[in-house]
Amino acid sequence: MTAEAAETAFGELYEEQPDLFIFDPVAIAERLEKPKNPDMGNYALPLFDLAKTAHGNPADLNKQLTDAQNALINQKDGFDYLSFEAVGGFNNCRVSAGATAKLVLSAIATDEDEYGSSDEGRGKNIVIDFSSPNIAKPFGIGHLRSTAIGNSLYRIFQKLGYRPIGINHLGDWGTQFGKLIVAYNLWGIEMQNKEPIAGLYDLYVKFHREEEKDPSLSEKAREAFKALEDGNQDEAELWKEFRDLSLQSFQQIYDRLGVHFDYNHGESFYNDKMDATVARLEAAGLVTDSQGARVVNLEAYNLPPCLLAKADGATLYATRDIAGILYRWETFRFERALYVVGAAQQDHFKQVFKVIELLEDAEQTLPEERISPRLQHIEFGWIRFKDQAMSTRKGNIIILEDVLNKATTLARELILEKNPDLAELDKTAQIIGVGAVIFADLSTRKHIDVNFDWDAVLTFEGETGPYLQYTHARLCSLLRHYQQPIPETVDYRYLDQPEEKNVLDVLYRFPFVVRESAETCEPYVISTYLLTLGAAFNKVYQRKNDDGKIDRIISDDTEQTAARMALVNAVRVVIREGLYLLGITAPDEM
RNA sequence: GCCCCCGUAGCUCAGGGGAUAGAGCAGUGGUUUCCUAAACCAUUGGUCGCAGGUUCAAUUCCUGCCGGGGGUACCA
């Protein structure tokens, strides 16, 4: 029994009586909603506005309708899994337990981790630009959001059949490197004995401190970057060294998080494409001079001008993003390109996307060849710390590695306390610690600002990643105890407890949830779904009989146990797959 | 000034026209002759920022205001 089938059944029932009912089956299918209170049945049809059009009162119409519905069910074969009830203005429909169970559990048993997958994206490339940390700075907690959201979207779109292309648009170019080069030449000696990234970061912070006292440093930094961009040897060598050191350090983080990129094309990658890009925009008549800078005026669109080149000729990040879009289009012919970047940059992306659109207008690009409708900024809120914005310039930053280390250590202590015989202690501790950190980041809507809170990240109880991992481990444990394969055919009517029916309803929703998370580009849709599923199953697991004793999943009743194990396995599959879509591993034991 | 986001329980957040507004944490009281208590049950706690409007129905949609955050041409 599925919602579609319920909708069809509703429709068929109504078509039987076209004179009695003013409804058309399609309209009914669209109106059907899920009651918040499960006692009200599986589906509800609100009649208020329909009653109004028919000039009747909802309760009377409902009574008439319900009687006719139930009469039809008695007459016709094949609908006896449905029953209708009138409650005020709501026409409620109930679906029998066995019908849902059979459909959902056999689908999961067959598809396993492919449950909820589709091929709707077959043959379509989707570029996902995410993570994109800045070279020569530590990987801060602020970069976790882009990394975690982007990685999750990568997996979600892959599940729907798309070919995702993950690009780490490293911040490896720009005026900041002028600053770093100047700082290194001035004070590099002081940093010799430090760990390289920490040393570079200290230089960066020191530069900003000194710059306030000595504004001429800003000028020197601009000159140094210009020299770098012009290919000057000394600057280029320093830059390359900074970049290599940073990449090594970032790779350790990505390995720990289980994040993979298809390309590490940072901003510098587009350096040799700048001139052609600016020339193309100029040929399209979009570029003007303004106070010495090269600019695309966007006043007509209520946006600040998009700066392509500074007065000294050096390029800006907008130029590099525009060049990047053109390059990616030529290379990947993407269906869509997603930029997983903080909300603070929304004006920047509006500008850049608008410039692309104007370019296409000017070049009279054919509709199917147009890039601009495919571009989307996936924005998210800031991570703040103690109500302050984190600023790498000021040195007010929390390092992701420290957070992962603390979470892993805590997980290790907990395992030693709760399950000291666990074989893979360190590996499991790592999985749980990292899972807690990622889940904490992906469990709220992405566009709200989040206050970084050590306690929230280091909690493994309640609505957390470890809660789901723990539930998964217990499911695996049940399967181990069962010690036999689950029979191919089981009698689903044994799954008749309200707690079990609820789990079935939640399992049924998973494919829709995956699709919704893709449509909205919101991993938290999956996070909250998994919490609902975990809680629903834990109620089954610890359900008590009337005598006050736990109603065990595994009992002497082999038929009932078989049906329950089919449910257990289905929940296990969906939690595991759901966590995978968030970028989190589910251990079999913990 | 202009643009964007947020305001729901003590705290962190769901819900985004419909039936008594939900979770987790924190508080209180329970559950283990062990299918992993990282769990489960019960219970305390809310003029859904304020004021209008649209509607049979508004926490949800519209407008205004208040409060918080962010962006706004040579940083990214």
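To find a chain, count down the sequence lines: A is the first, B the second, and so on, and within it residues start at 1.
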For [X] and [Y], take the angle between the two ring planes, folded into 0 to 90°, and tell me which bin it lands in: parallel under 30, tilted 30 to 60, perpendicular over 60.
| X | Y | answer |
| --- | --- | --- |
| His265(A) | Tyr270(A) | perpendicular |
| Phe90(A) | Phe48(A) | perpendicular |
| His208(A) | Tyr204(A) | perpendicular |

[X] [atom1] to [N] [atom2]: how many Å, rounded?
| X | N | atom1 | atom2 | value |
| --- | --- | --- | --- | --- |
| Glu519(A) | G16(B) | CD | C1' | 16 Å |
| Glu417(A) | U36(B) | CD | P | 18 Å |
| Lys350(A) | C5(B) | NZ | P | 8 Å |
| Arg412(A) | A38(B) | CZ | P | 19 Å |
| Leu533(A) | A23(B) | CG | P | 17 Å |
| Glu379(A) | C5(B) | CD | C1' | 8 Å |
| Trp382(A) | C4(B) | CH2 | C1' | 14 Å |

For this session: Using a 4.0 Å heavy-atom cut-off, write out nucleotides 26-32 of chain B from 5' to 3' as B (base contacted by protein), S (sugar-phosphate only) or - (no contact).
Result: -----S-
Problem set entry | Given RNA chain B, 5'-ward residue of the pair Gly292(A) and Val540(A), judged by closest heavy atom |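 So the residue in question is Val540(A).
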For this session: Hey, which sits more toward the 5' end of RNA chain B by its nearest nucleotide, Phe460(A) or Glu267(A)?
Result: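 The residue closer to the strand's 5' end, by nearest nucleotide, is Phe460(A).
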Flag the pair [X] / [Y] as yes when their ring centroid distance falls below 6.0 Å, and as no otherwise.
| X | Y | value |
| --- | --- | --- |
| Tyr317(A) | His348(A) | yes |
| Phe139(A) | Phe250(A) | yes |
| Phe349(A) | Tyr339(A) | yes |

Pairs flagged by salt bridge (Lys or Arg N to Asp or Glu O under 4.0 Å) wherever [range] is involved - sequence neighbours left out:
| range | value |
| --- | --- |
| residues 473-487 of chain A | none |
| residues 288-301 of chain A | Glu282(A)-Arg294(A), Asp289(A)-Arg294(A) |
| residues 558-571 of chain A | Glu500(A)-Arg564(A), Asp551(A)-Arg564(A) |
| residues 453-465 of chain A | none |

Identified pairing partner of [N], criterion: Watson-Crick or G-U wobble below 3.5 Å:
| N | result |
| --- | --- |
| U33(B) | none |
| C65(B) | G49(B) |
| G22(B) | C13(B) |
| C75(B) | none |
| A57(B) | none |

Each nucleotide N or O in nucleotides 54-58 of chain B that has a protein N or O under 3.5 Å away: list the pair and distance.
| from | atom 1 | to | atom 2 | distance (Å) |
| --- | --- | --- | --- | --- |
| C56(B) | OP1 | Lys52(A) | NZ | 2.2 |

Counting any heavy atom closer than 4.0 Å, what does [X] reach on the DNA or RNA strands: base, sugar-phosphate only, or nothing?
| X | value |
| --- | --- |
| Gly381(A) | nothing |
| Leu475(A) | nothing |
| Gln345(A) | base |
| Pro305(A) | base |
| Thr175(A) | sugar-phosphate |
| Ala344(A) | sugar-phosphate |
| Ile553(A) | base |
| Ala343(A) | nothing |
| Asp312(A) | nothing |

Counterpart residues, side chain to side chain contact (heavy atoms under 4.5 Å, CB included), relative to [X] (two or more places apart):
| X | answer |
| --- | --- |
| Ala86(A) | Asn62(A), Thr66(A) |
| Leu479(A) | Ile486(A), Met565(A), Val568(A), Asn569(A), Arg572(A) |
| Ala343(A) | Glu379(A) |

If the cut-off is 4.0 Å, is [X] near the phosphate of [N], judged by side-chain N/O to OP1 or OP2?
| X | N | answer |
| --- | --- | --- |
| Lys418(A) | U36(B) | no |
| Tyr470(A) | A37(B) | yes |
| Tyr524(A) | G15(B) | yes |
| Arg474(A) | A37(B) | yes |

[atom1] spacing across the pair [N] / [M], given as an integer number of angstrom:
| N | M | atom1 | result |
| --- | --- | --- | --- |
| C48(B) | A23(B) | C1' | 16 Å |
| U36(B) | G29(B) | P | 29 Å |
| C4(B) | C13(B) | P | 23 Å |
| U60(B) | A73(B) | C1' | 40 Å |

For this session: Check if the side chain of Ser290(A) and the base of A73(B) share a donor-acceptor pair of N or O atoms closer than 3.5 Å.
Result: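 Result: at least one qualifying N/O pair found.
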Problem set entry | Pair of N/O donor and acceptor under 3.5 Å linking A76(B) base with Tyr317(A) side chain |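 Such a pair is found, so the answer is yes.
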Write down the protein N/O and nucleotide N/O pairs, taken from nucleotides 6-8 of chain B, whose separation is under 3.5 Å; answer none if there are no such pairs.
| from | atom 1 | to | atom 2 | distance (Å) |
| --- | --- | --- | --- | --- |
| C6(B) | OP1 | His447(A) | NE2 | 3.1 |

Exercise. Are side-chain N/O atoms of Asn538(A) and Tyr467(A) paired as donor and acceptor at under 3.5 Å?
Worked result: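 Yes, a side-chain donor-acceptor pair sits under 3.5 Å.
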Exercise. Between Arg222(A) and Glu219(A), is the closest basic N to carboxylate O distance under 4.0 Å?
Worked result: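 Salt bridge between Glu219(A) and Arg222(A), a charged N being under 4.0 Å from a carboxylate O: yes.
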For this session: Under 4.0 Å from any atom of RNA chain B, heavy atoms only: list the residues of residues 564-573 of chain A that qualify, in numerical order.
Result: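 Under 4.0 Å from RNA chain B: no residue of residues 564-573 of chain A.
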Problem set entry | Residues in salt bridge (Lys or Arg N to Asp or Glu O under 4.0 Å) contact with Arg515(A), at least two apart in sequence or another chain |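 If we apply the salt bridge (Lys or Arg N to Asp or Glu O under 4.0 Å) test to Arg515(A), skipping adjacent residues, there are no hits.
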For this session: Look at atom CG of Asp230(A) and say whether more than 12 heavy atoms of other residues, nucleotides or ligands are closer to it than 6.0 Å.
Result: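 Yes, the 6.0 Å shell around CG holds more than 12 heavy atoms from other groups.
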Problem set entry | Of the listed nucleotides C41(B), A73(B), A76(B), the one nearest the side chain of Asn134(A) |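 The nucleotide sitting nearest to the side chain is A76(B).
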